[in-house]
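Have a look at the structure below before the remarks.
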Amino acid sequence: MASTTTNTSLQLKGLGRQKMSALTNRAKRLGMTPEGYVKQLVEEDLAIAQEARTKTFAEILGPGTEVDEAEVDRLVELAKTQHHKASTRRR
């Protein structure tokens, strides 16, 4: 198990004190440093994004899982609409 420290050099602009504290506590519970935890999250996210770009839903879900393409298309359009509405309100 990796050693943890309470003093961290990790600085994330825009991440408030409470969230930084929660991140540090989460890392500690996992036996990691905050820097190691953030690094792991970034690496996992990039791997998932790469997999999403290079594989179909059926490949990601595995054999025996049916994918309703029409339902996926509907969900994507719904997400786009919600994102557009949210980004328009922020302007």
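In what follows, every heavy atom counts, from backbone to side chain, and hydrogens, waters and symmetry copies are set aside.
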Could you state whether [X] and [Y] fall into the same hydrophobic cluster, counting links through intermediate Ile, Leu, Val, Met, Phe, Trp or Tyr residues with side-chain heavy atoms under 4.5 angstrom apart?
| X | Y | value |
| --- | --- | --- |
| Leu12 | Val42 | yes |
| Leu15 | Leu41 | yes |
| Val72 | Leu78 | no |
| Met32 | Leu46 | yes |

(request) List in chain and number order the residues that pass side-chain hydrogen bond (donor to acceptor under 3.5 Å, both in side chains) with Glu44, two or more places apart in sequence or in another chain; answer none if no residue qualifies. (result) Gln40

(message) I'd like to check the side-chain hydrogen bond (donor to acceptor under 3.5 Å, both in side chains) partners of Glu43; sequence neighbours left out, ordered by chain and number.
(response) Lys39

(message) Show the nearest heavy-atom pair for residues Leu23 and Pro34, with the distance to one decimal.
(response) CD2-CB, 3.6 Å

(message) Treating Asn25 as the side-chain partner and Ser21 as the backbone partner, does any N or O pair qualify as donor plus acceptor under 3.5 Å?
(response) yes

(request) Answer yes or no: is there a donor N or O on one side and an acceptor on the other, between the side chain of Thr24 and the main chain of Met20, under 3.5 Å? (result) yes

(request) Kindly state each residue pair satisfying salt bridge (charged side-chain N to carboxylate O under 4.0 Å, His left out) with at least one member in residues 50-67, sequence neighbours excluded. (result) Glu51-Lys55

(message) Per the salt bridge (charged side-chain N to carboxylate O under 4.0 Å, His left out) rule, what does the pair list look like for residues 67-76, sequence neighbours excluded?
(response) Glu71-Arg74

